[in-house]
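What follows is a single structure, written as structure tokens, with notes after it.
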There are 2 protein chains.
Amino acid sequence: MAVAGQRRRRKEERPGEIVEAAFEEFARSGFMATKLDDVAARAGITKGTIYLYFPSKEDLFLATMHEMSRPSREHLAALTAAPQGSAMAILRTHFAFEYAQMVEDRRTREIIRMLLAEVSRFPDLADRWRAEVIGPEVEALRRVVRYGVERGEFRPSAAEQFPHLLFAPVIMACTWRLMFGDDHALDGPAYLDGHLDLLERGLMCGSRPNPPPSAGEGAPRSGAGEGTTLPERSRP
Amino acid sequence: MAVAGQRRRRKEERPGEIVEAAFEEFARSGFMATKLDDVAARAGITKGTIYLYFPSKEDLFLATMHEMSRPSREHLAALTAAPQGSAMAILRTHFAFEYAQMVEDRRTREIIRMLLAEVSRFPDLADRWRAEVIGPEVEALRRVVRYGVERGEFRPSAAEQFPHLLFAPVIMACTWRLMFGDDHALDGPAYLDGHLDLLERGLMCGSRPNPPPSAGEGAPRSGAGEGTTLPERSRP
DNA sequence: CCTTATTGACTGCCTGGTCAGTTATTAGTA
DNA sequence: TACTAATAACTGACCAGGCAGTCAATAAGG
């Protein structure tokens with residue numbers, strides 16, 4: 001192990017490597033059952049080295065959670081833009097991302113698992129998650145729903161008060177996969193399509209398929225509308 | 001402590017008391033962090049006594065989970081009856097129960113938390129839960145949806161393939177409360193009403209509010225229909 | 001040779017599990 | 001009723017192993 005520059009890695013790569021290894025072990029065994037010796041072994045170092053970068057096991061756990069939830073926090077930026085185009089198209093795009101992140105990405109799933117498992121030990125974790133991730137997302141979704149209502153595309157509904165109802169199927173698929181494993185995963189494009197289909201029918205304005213009064217697009221439920229450059233899901 | 005018959009409680013009450021105390025401790029701290037001394041103290045006995053009734057900590061945990069999930073298993077009996085009356089009314093009744101059990105009942109919530117937290121340590125737990133609780137529920141819901149379609153009340157939709165979409169908001173409210181605590185609970189009748197409203201609009205047949213061809217009830221979304229003797233939720 | 005990153009042996013504490021002993025209860029005897 | 005033996009239920013001190021956290025020693029760079 002006499003690679004040049006091996007000792008110079010401290011401030012650059014070591015903390016990231018430790019956090020990476022810690023995530024795998026915490027996700028596998030939970031906070032209490034995780035042994036720092038195992039984390040160190042996975043990172044290719046010894047336990048003492050961990051304490052050069054993190055003052056305690058708890059701090060390592062908090063740092064790991066914060067680091068691993070970064071993608072979720074960054075994803076929010078895209079959602080907070082002012083809505084334009086078809087509200088349903090915005091939802092379609094958003095839930096495609098959301099689904100890819102919360103269901104198909106193993107890391108985000110495991111973050112959710114650890115949040116649920118360790119809230120009693122780390123109450124601040126849930127608070128931060130709500131303040132930085134879920135809360136803003138709920139508010140953004142609420143704006144989209146109101147935008148759709150103002151636009152005449154959506155009817156007034158409980159979705160304005162509880163935007164949570166809109167992404168509930170994503171949480172469902174996430175917890176399902178967490179609980180029953182990848183072998184029984186509830187995903188695939190069909191599930192997302194079904195989610196969006198029920199959503200559209202549940203939200204859309206009026207009992208008859210009349211187009212919204214603004215843009216000249218067709219009926220709202222015929223495929224995705226304008227207002228986004230992101231790929232659309234196929235619809236059966 | 002010279003109450004007559006105090007020593008005769010063994011086969012009758014002791015195991016139940018231990019399981020009860022164990023549930024509280026496991027729910028509070030998770031499997032690993034729970035100390036059997038604390039369980040014993042909560043049950044008003046000493047650790048040695050636990051080992052008179054349960055061979056190991058793991059066995060105590062499994063027994064606790066099995067015992068505490070009994071209400072959920074028993075609740076299924078009501079759901080497997082042959083559907084009759086309005087399909088929407090069946091769903092309404094069912095989700096009122098489901099909501100009371102999975103969201104408002106602290107014990108069932110904590111069971112879900114422990115299942116999610118400890119699947120990697122006890123893989124059989126999730127299998128049993130799927131085989132005995134969730135699986136039958138999904139199938140029962142699927143039958144209700146098909147019944148609604150055959151009856152002309154529901155349109156064909158992805159809910160036939162994924163009945164999970166229907167109870168996703170219940171799981172959402174459950175995990176929300178697990179994560180953010182009772183203070184930020186997402187419940188109250190309004191949430192359930194919103195859920196049912198979106199569900200009804202999402203499932204109902206046709207684009208115009210025509211009544212189903214069978215019974216002479218009004219438009220499907222005006223209150224609960226016939227076919228059940230259970231109490232209805234208020235609708236705003 | 002001086003600095004810096006890393007090691008690995010060590011300690012102290014904690015907790016699952018054990019078991020010889022203690023106490024309450026019942027059965028038996030007269 | 002009084003007294004004793006047998007049994008059932010329970011206790012608590014103890015052990016053994018495991019693991020978070022420490023620190024003097026070591027090796028790698030410059």
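Just so it is clear: chains get the letters A, B, ... in the order the sequence lines come, proteins before strands, and each one is counted from 1. Just so it is clear, the values below take in all heavy atoms, side chains as well, and ignore hydrogens, waters and symmetry mates.
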Take the protein atom OH of A:Y53 and the nucleotide atom P of D:dG21, then report the distance between them rounded to whole Å. 18 Å

Side chain of A:L36 - closest among D:dG21, D:dC10, C:dT7: D:dG21

Using whole Å, report how far NZ of B:K57 lies from P of C:dC14. 15 Å

Once the angle between the rings of B:F180 and B:W176 is folded into 0 to 90°, is it parallel (under 30°), tilted (30 to 60°) or perpendicular (over 60°)? perpendicular

With a non-hydrogen cut-off below 4.0 angstrom, is B:I45 in contact with a base, only sugar-phosphate, or nothing? sugar-phosphate

Please give me the minimum heavy-atom distance between A:H195 and A:V170, naming the atom from each residue. CE1-CG2, 4.0 Å

Could you tell me how far apart B:R14 (CZ) and D:dC10 (C1') are, to the nearest whole angstrom? 8 Å

When the distance from CD of B:E13 to C1' of D:dA9 is rounded to whole Å, what number comes out? 14 Å

Is there a donor in the side chain of A:R128 and an acceptor in the side chain of A:H66, or the other way round, less than 3.5 Å apart? yes

Starting at atom CG of A:L52, determine the distance to atom P of D:dT26, rounded to an integer number of angstrom. 18 Å

Expressed as a whole number of angstroms, how long is the span from A:F31:CZ to D:dC19:P? 14 Å

To the side chain of A:Y51, which of D:dG12, C:dG16, D:dG21 is closest? D:dG21

Just N and O in the side chain of A:T46: are any of them under 4.0 Å from OP1 or OP2 of C:dT7? yes

Mind running side chain to side chain donor-acceptor pair (under 3.5 Å) on A:H94 and A:E137 for me, showing each step along the way? CA-CA 10 Å; A:H94 171 66; A:E137 165 154 351; 3.2 Å; yes

Set out, in order, the CA-CA distance, both residues' side-chain angles and the distance that settles ring-ring contact (aromatic ring centres under 6.0 Å, His included) for A:F95 and A:F167, then state yes or no. CA-CA 7 Å; A:F95 285 123; A:F167 63 89; 7.2 Å; no

Report the distance from atom CZ of B:F54 to atom C1' of C:dG16, rounded to the nearest whole Å. 16 Å

Between A:A33 and A:P55, which has a closest nucleotide on DNA chain D that is more 5'? A:A33

Can you tell me how far C1' of D:dG12 sits from CD1 of B:I50, to the nearest Å? 13 Å

Considering only heavy side-chain atoms of B:K35, the closest of C:dT15, D:dG12, C:dA5 is C:dT15

Can you find a donor-acceptor pair, distance only, under 3.5 Å between A:K47 side chain and D:dA20 base? yes

